[in-house]
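Each remark here refers to the structure printed beneath this line.
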Amino acid sequence: MSGAAMGVSFARRAPISPDMERPILLWFKRDLRVQDHCALVHASRLGPILAVYVVEPEFWAGTDASGRQYAFLRESLESLRDDLARLGLGLVVRVGDAVAVLEALRAAHRVTHLVSHEETGNRWSDARDRRVADWARGQGVEWHEMPQSGVVRRLCSRDDWQGRRDAFMGAPVIGTVQGARGAAVVSDDVPTPEALGLSDPCPLRQKGGRRAAQRALDSFLTTRGETYQRAMSSPLAGARACSRISPHLAFGTLSMREAVQLGAAAPGGRGPDWARAMRSFQARLAWRDHFMQKLEDEPEIERRCLHPAYEGLRPRVPDAARLAAWSQGETGLPFVDACMRALIATGWLNFRMRAMVMAVASYHLWLDWRSTGPVLARYFTDYEPGIHWPQVQMQSGTTGMNTIRIYNPVKQGLDQDRGGEFTRRWVPELSSVPDEHLHRPWAWSGAAALLGRAYPAPIVDPVAAARAAREAVWACRRTHRGDAETARIVTRHASRKRPRRAKSKAEDVQLSLDL
């Protein structure tokens, strides 16, 4: 797939001549930057660099991929191309299957070394990497995979994970490589979303690229972050107070180590609110790696309940009407609908509300997480499989070890949007409902003229649905409490860090990944 009609155009270069030194294939994946990039540094020490990014149509056809994510990616590739050019390097884009692309480059340019960062992705990317490993072995290509986060490959025990993670984050940030040599190779164009069959309007999504990442982190660490700890639970205030670097961490336009060290170096002396905010920020960065380690250790989390006792708890074939209503923000539960509509339009939602909409889907609507998880994955511009799937299961009560949390959607609305500004913005159908009934419009005297007409009646009774779900989930939990599988899960996945007693719900470490 190439040609100007396909999308962003890259500079054309002449093919490498047969008598030139063999280039080192540098494969960019979810690490779209040149700063703190140990794979780039390592490749530069081995020889001239042939930097490649593979747009894989099969990946973008997956149930957890979306146009908003691809749009962010395209902007990030543009930024990466510019940064590489400043180093005297080009970026070669290819469209197709990764193994086929890498083999074509190997054959054309006599490649013997492939360098990349380790990736903790979804099942599809894991299978693709296994195929690449088989190809490399078969062709005699040495594949160097470098760590880029606190996730540890082939971890034997969680007992020493925290120390290893902290050591990685404490190591010096790698400077921009100097003196790198590039291999001149012709690039394809970056396909347009339409060429990949992606249509996903998201008018208010965050922009991709290194400059956008730097602006987000800098504004957070200098001004926006001061109210982080107390504002993060609000979908309205949190949109400004949270760092908003999560998509940049997901696509690698910013490294985790940069975020950790810049956060630690943020100017102090600005009062207790600022100090608490920065401590919370560091804690959430650490919890991000903690959850990604779960998927690295047990990839089956993406498709099977972590504890097998919960298989069959909910119907695998979802209630189509409930799933559609939840997905579109039409459940008749105002605060839930406002959160879903905001997510659809912006690609972002603060973590507490992410937990709530998932919990409502799992408990009140009794939908299996394997039907709702992909919906949220597509909506999140910052979709990170290592966080998403462990969290989806945790909020559905299928891990066998985490506390069961059944959010009351009415109470959450009253707690986080008592004045109704957020809800009224995203659910304008409720403009005539008085404030005291906004989050419970069915209790309003004018409900008959509104519900089922301008706005749906609630598809479930939230109190009765929560009660039934609680009984079912706790009945299942009693069947496996203390069994060997529960002990295995705790040993393999539980944090070794002793949690401090939370002073407020906003400080609950299990619910605090608001980046």
Side-chain angles (χ1 to χ4, degrees), residues 1-2 8-56 73 76-119 125 128-148 174-191 210 252-253 255:
M1 245 186 287
S2 63
V8 181
S9 181
F10 280 70
R12 303 288 182 176
R13 294 169 178 255
I16 193 169
S17 81
D19 58 345
M20 288 180 65
E21 186 179 353
R22 296 183 182 189
I24 307 302
L25 269 182
L26 175 61
W27 182 18
F28 282 94
K29 296 193 282 182
R30 294 165 67 90
D31 52 349
L32 306 181
R33 64 184 185 278
V34 299
Q35 299 82 1
D36 197 35
H37 199 288
C38 58
L40 170 59
V41 172
H42 184 69
S44 71
R45 292 169 178 164
L46 297 176
I49 294 173
L50 197 172
V52 61
Y53 183 86
V54 185
V55 178
E56 300 164 276
L73 167 73
S76 300
L77 287 175
E78 275 287 282
S79 177
L80 175 63
R81 180 198 65 177
D82 292 343
D83 287 345
L84 285 169
R86 293 186 184 94
L87 301 177
L89 303 175
L91 177 63
V92 175
V93 173
R94 290 287 185 266
V95 182
D97 173 74
V99 171
V101 166
L102 295 175
E103 169 55 21
L105 292 171
R106 182 205 67 80
H109 306 294
R110 302 176 298 147
V111 169
T112 58
H113 288 79
L114 171 67
V115 182
S116 74
H117 274 133
E118 295 174 344
E119 179 181 2
S125 65
R128 176 254 276 139
D129 282 357
R130 293 179 187 277
R131 290 193 298 111
V132 169
D134 289 342
W135 161 81
R137 281 191 294 270
Q139 295 295 344
V141 173
E142 189 173 345
W143 185 10
H144 310 250
E145 286 190 276
M146 321 293 287
Q148 71 160 335
I174 299 172
T176 304
V177 65
Q178 301 295 325
R181 295 173 293 149
V185 178
V186 174
S187 174
D188 290 344
D189 296 331
V190 180
R210 175 69 179 185
T253 56
S255 81

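Worth knowing before you read on, the calculation uses all heavy atoms, side chains too, and leaves out hydrogens, waters and symmetry mates. We number each residue from 1, following the sequence as shown. Model, not experiment: these values are computed from the prediction.
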Close side-chain approach of [X] to [Y], heavy-atom, < 4.5 Å:
X	Y	result
His37	Ser255	no
Arg86	Thr176	no
Val132	Val99	yes
Trp27	Val101	no
Leu77	Leu32	yes
Trp135	Leu114	yes
Gln35	Asp83	yes

What's the separation between atom [atom1] in [X] and atom [atom2] in [Y], rounded to the nearest 0.5 Å?
X	Y	atom1	atom2	answer
Lys29	Tyr53	NZ	OH	10.5 Å
Arg81	Phe28	CZ	CZ	14.0 Å
Arg22	His109	CZ	NE2	13.0 Å
Gln148	Glu119	CD	CD	8.5 Å
Ile174	Leu40	CD1	CG	9.0 Å
Ile24	Glu142	CD1	CD	9.5 Å

- prompt: For Thr253, does its backbone N or O pair with a side-chain atom of Arg210 as donor and acceptor, under 3.5 Å?
  reply: yes
- request: Ignoring hydrogens and angles, tell me if any N or O in the side chain of Arg30 forms a donor-acceptor pair with the backbone of Gly252 under 3.5 Å.
  value: no
Which heavy atom in [X] sits nearest to a heavy atom in [Y], and how many Å separate them?
X	Y	result
Ala98	Val54	CA-CG1, 4.1 Å
Pro191	Val95	CG-CG2, 3.5 Å
Pro48	Glu21	CD-CD, 3.6 Å

query: Do His117 and Cys38 pass the side chain to side chain contact (heavy atoms under 4.5 Å, CB included) test, and can you show the C-alpha distance, the side-chain angles, and the key distance before you say yes or no?
result: CA-CA 8 Å; His117 274 133; Cys38 58; 3.3 Å; yes
Name every donor-acceptor pair, under 3.5 Å, that has one atom in a side chain of residues 87-94 and the other anywhere in the protein, sequence neighbours excluded.
| residue | atom | partner | partner atom | Å |
| --- | --- | --- | --- | --- |
| Arg94 | NH1 | Val186 | O | 2.8 |
| Arg94 | NH2 | Val186 | O | 2.9 |

- prompt: Under 30°, 30 to 60°, or over 60°: which ring-plane class applies to His42 and His144, parallel, tilted or perpendicular?
  reply: tilted
Within 6.0 Å of CZ in Arg131, more than 12 heavy atoms from elsewhere: yes
